[in-house]
Amino acid sequence: MGDTVVHLHKNTDPSPDPAPVTTLTVVPDPAPPSPVPLWVRSGLAVKSAVTHESTRATVRAVARHASYTFNGGRIVARRTWDGRTGSRYERMIRAAEAAGNLEAAEEWEERLQRFRAARHHRRMDLLHSPVEVAKGVAVGAGMSIGVLVALGVVMAINNGDIGDVITPLSATIDFIALLIRIVQIVWGPALTIGPFLALLALWGVGRKQHAAPQWALPANVRTGEGEPITPSIVVKALRDLGVPALRNAIKEMGDAGASMLGPIRIAGCGVEVDVTLPSGVSTNEVQQRRRKLAENLTRHEHEVFITIPEAARTVRLWVADSGALDEPIGPSPLVTDETMTADYAKGKAPWGQDLRGDAAALSLYQRHLLITGLSNQGKTVALRSLALWVALDKSVQFLMGDLKGVGDWAMFDGLATTLIQGPTDEHVIQVTEMVEGAVEEMNRRLQAPPGSVFPALIVLVDEAQVAFMCPVKDEDKRPYGGSKSNSRYFMAVRKIHNQGRAVNVLMWQGTQDPTDQNLPKLVREGAHTRASLALGTESQARMALGDKAVDGGAAPNLLRPGLDQGTLVVASSGIDIPKGQSSITVRTHYIDDDAAEAITDRAKALRDGITTLHAIERDEDRDPLTDIATAVGDAPRVLTADVLKRLTALNEAAYGGWTNSDLKRVLDDAGTDIAYKSDGRMVVGRDRLHRALANRDEDGSASAV
């Protein structure tokens with residue numbers, strides 16, 4: 001225990017009565033903290049030692065070098081067995097038969113027969129070799145002794161000493177004795193060191209072949225990037241996938257699994273191969289192990305795609321070259337070809353490239369569109385690139401609502417009849433009324449005489465989830481957002497989905513992070529073309545693309561957020577999808593704002609001029625002649641039919657029921673020459689209209705509807 005502390009307090013009260021008094025206060029020391037139990041400290045020490053990086057590195061090193069030695073022995077034994085037997089030829093025959101190459105199989109069979117004949121000849125020679133060797137040794141020894149004796153005779157004659165006759169023979173015997181002595185000295189250490197040298201040799205073979213588990217290999221070896229895809233690698237990857245039925249079936253196959261594989265084909269920046277699974281193995285067992293399969297193929301997860309072709313029990317593997325999907329795909333033809341135009345009915349929008357590296361083009365003709373994905377994955381750019389292409393068809397009309405309002409669609413000012421930009425509830429109200437105006441136009445077209453042809457009217461809403469989740473209600477207590485039968489935005493979209501396609505009124509929507517709340521089921525299922533960028537979960541992928549596409553291998557939830565920007569999975573009849581698949585993965589071209597403005601400038605040059613409305617007017621008292629001037633805009637002259645359409649877009653309530661007679665009445669009241677024929681068609685002249693407005697203002701007269 002600690003020492004007790006004594007504090008002296010002196011009374012300094014200034015009152016004159018008592019004398020100053022000193023008091024003693026005993027303050028004990030605070031109790032020391034309780035010690036940590038020994039078993040806790042021991043456990044923490046053990047945990048720290050086990051998880052320490054140096055410990056893990058040591059374990060990996062021990063496992064790596066032990067595996068080098070063991071697997072090196074297996075490799076040497078396999079090579080020895082292959083050299084002494086015909087197993088190598090038999091493997092090649094089975095592989096050739098599995099590939100259907102009968103000529104190669106026959107050639108390898110002939111080689112096997114020659115090998116067996118040569119081996120039989122060698123074995124027969126061994127039966128007679130002892131006698132031949134004995135005769136050879138006897139003859140050789142006799143000749144050697146004779147030569148040595150002859151050499152001794154020559155030395156004896158030369159030296160005059162008869163003893164020199166055996167000198168060469170004696171020297172040879174002494175030399176042989178010396179060799180025997182050296183062997184006797186070296187033999188003991190050799191027996192001791194020999195096994196270690198043999199293990200070192202096996203270790204060297206294993207190290208050269210990297211014969212160790214992937215987790216134990218050094219980092220620069222463990223990546224394995226760039227390793228080509230071969231039949232043996234594919235079979236081994238499937239065998240080690242962790243599916244017992246598949247592993248056992250491969251072991252029992254006489255061709256070691258080669259018959260499962262179709263031909264490996266080069267497909268863009270990777271290869272493609274069809275795998276017919278053995279009985280008892282389902283395709284979803286392979287699909288669910290995509291990451292492990294990719295690692296077995298020495299690839300990252302995003303570099304392997306698994307789809308289901310038409311053939312039963314078959315999966316189609318597309319394996320990218322290492323790092324190929326991280327490379328850009330190049331600029332859009334819309335940017336590089338300044339002469340490009342569009343044909344809404346017969347053409348296809350150049351959207352990007354598929355995984356094979358082929359151009360991916362999308363038909364937009366009479367197809368409602370939905371693009372979804374997480375935030376900041378390239379949704380707006382992907383949607384905008386389609387609008388940029390179709391804008392080069394001067395017959396296409398746009399009604400646009402951007403509920404983000406940061407200028408991503410600003411370049412369509414002067415192209416779109418209506419362009420509303422902003423994230424507030426008021427902007428949602430404006431967009432809802434814009435879509436409802438498109439519904440009225442659709443109804444007008446549906447009631448037109450049979451055989452009438454109408455230009456495409458594309459109603460585009462970006463960040464549509466803002467509209468679906470808007471809580472505001474109108475004066476009749478009808479909500480603008482939501483998914484109920486009285487929801488104004490929801491019902492307007494549903495009506496266009498139901499009947500708009502027949503008269504070329506199309507709904508395009510872009511939305512984030514799909515859920516049942518911000519993207520109702522009936523709306524997402526009404527889109528003919530559904531595309532998704534990276535998503536968080538499989539349930540979101542099913543909402544975005546549908547169950548059929550996901551069950552067929554579509555997996556936008558496996559795309560890498562932030563790394564696979566602009567890569568989307570598409571389910572649509574408007575794009576070429578490989579036979580038997582329900583979706584295709586497309587890497588879209590990136591078109592920045594400057595390039596988009598250049599494209600819209602080209603599109604504006606194809607048109608007479610459009611005055612874009614940035615709000616839906618709801619005033620009751622209107623000046624028809626002024627509104628007509630607004631509808632004409634800066635164009636020198638505009639067809640009367642187009643003026644009527646623009647007036648309807650300007651204010652459905654005021655001008656939705658107007659006919660040519662109503663327009664003619666207002667123009668005739670202002671001046672007889674405002675509407676006239678040009679090339680056989682009635683048009684409204686801008687300059688004449690402005691003169692009539694100026695003259696009217698001087699007279700101080702105006703009419704209202």
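None of the values given here were measured: they were computed from a predicted structure. In what follows, residues are counted from 1 in the order of the sequence shown.
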[atom1] of [X] to [atom2] of [Y]: how many Å apart, nearest 0.5 Å?
{"X": "Met260", "Y": "Leu238", "atom1": "CE", "atom2": "CG", "result": "5.0 Å"}
{"X": "Gln353", "Y": "Ile329", "atom1": "CD", "atom2": "CD1", "result": "4.5 Å"}
{"X": "Ser385", "Y": "Trp351", "atom1": "OG", "atom2": "CH2", "result": "7.0 Å"}
{"X": "Ser582", "Y": "Ile577", "atom1": "OG", "atom2": "CD1", "result": "7.0 Å"}
{"X": "Leu362", "Y": "Arg367", "atom1": "CG", "atom2": "CZ", "result": "7.5 Å"}
{"X": "Asp343", "Y": "Tyr365", "atom1": "CG", "atom2": "OH", "result": "10.0 Å"}

Taking all non-hydrogen atoms of both residues into account, name the closest pair between [X] and [Y] and its distance.
{"X": "Glu301", "Y": "Ala294", "answer": "CA-CB, 3.8 Å"}
{"X": "Arg316", "Y": "Pro309", "answer": "NH2-CB, 3.5 Å"}
{"X": "Ala245", "Y": "Gly280", "answer": "CB-O, 4.1 Å"}
{"X": "Pro331", "Y": "Thr336", "answer": "CG-CG2, 3.6 Å"}
{"X": "Leu297", "Y": "Ala237", "answer": "CD2-CB, 3.6 Å"}
{"X": "Gly242", "Y": "Pro244", "answer": "O-CD, 3.4 Å"}

Please confirm whether the backbone N or O of [Y] pairs with a side-chain atom of [X], one donor and one acceptor, at under 3.5 Å?
{"X": "Asp592", "Y": "Ala595", "value": "yes"}
{"X": "Gln465", "Y": "Gln512", "value": "yes"}
{"X": "Arg74", "Y": "Phe70", "value": "no"}
{"X": "Arg299", "Y": "Ala320", "value": "yes"}

Would you list the pairs meeting side-chain hydrogen bond (donor to acceptor under 3.5 Å, both in side chains) in which at least one residue belongs to residues 231-243, sequence neighbours left out? Thr230-Ser232, Lys236-Asp240
Can Asp513 and Lys379 be counted as an ion pair, charged N to O under 4.0 angstrom? no
With a 4.0 Å cut-off, would you call Glu525 and Arg530 a salt bridge? no
Sub-4.5 Å side-chain heavy-atom contact between [X] and [Y]:
{"X": "Thr276", "Y": "Thr314", "value": "yes"}
{"X": "Ile229", "Y": "Leu317", "value": "no"}
{"X": "Asn376", "Y": "Gln565", "value": "yes"}

Checking side-chain polar atoms at under 3.5 Å, does Glu538 have a donor or acceptor matched by the opposite partner on Gln540? no
Under 3.5 Å, is there a donor on one side chain and an acceptor on the other for Thr380 and Asp462? yes
Give the intermediate values and the outcome of side-chain contact (heavy atoms from CB on, under 4.5 Å) for residues Leu506 and Leu369. CA-CA 8 Å; Leu506 305 177; Leu369 176 66; over 6 Å; no
My understanding is that only one of Thr511, Leu568, Leu533 makes a side-chain contact (heavy atoms from CB on, under 4.5 Å) with Thr372; could you say which? Thr511
Checking Ile250 against Val235 for the side-chain contact (heavy atoms from CB on, under 4.5 Å) test, could you report, in this order, the C-alpha distance in whole Å, the side-chain angles of both residues, the deciding distance, and whether it holds? CA-CA 8 Å; Ile250 292 175; Val235 172; 3.9 Å; yes
Is the cationic atom of Arg290 (NZ for Lys, CZ for Arg) positioned less than 6.0 Å from the six-membered ring centroid of Phe305 and within 45 degrees of its normal? yes
Enumerate the residue pairs fulfilling ring pair (Phe, Tyr, Trp, His ring centres under 6.0 Å) with a member in residues 367-390, sequence neighbours excluded, ordered by first and then second residue. His368-His497, His368-His528
Sort and list the pairs that fulfil salt bridge (Lys or Arg N to Asp or Glu O under 4.0 Å) and have at least one residue in residues 558-570, not counting sequence neighbours. Asp326-Arg560, Arg560-Asp564
Stepwise, does the side-chain contact (heavy atoms from CB on, under 4.5 Å) test hold for Asp354 with Ile575? CA-CA 11 Å; Asp354 61 16; Ile575 194 170; over 6 Å; no
Determine, stepwise, if the pair Leu383 / Leu460 fulfils side-chain contact (heavy atoms from CB on, under 4.5 Å). CA-CA 9 Å; Leu383 182 61; Leu460 189 153; 4.1 Å; yes
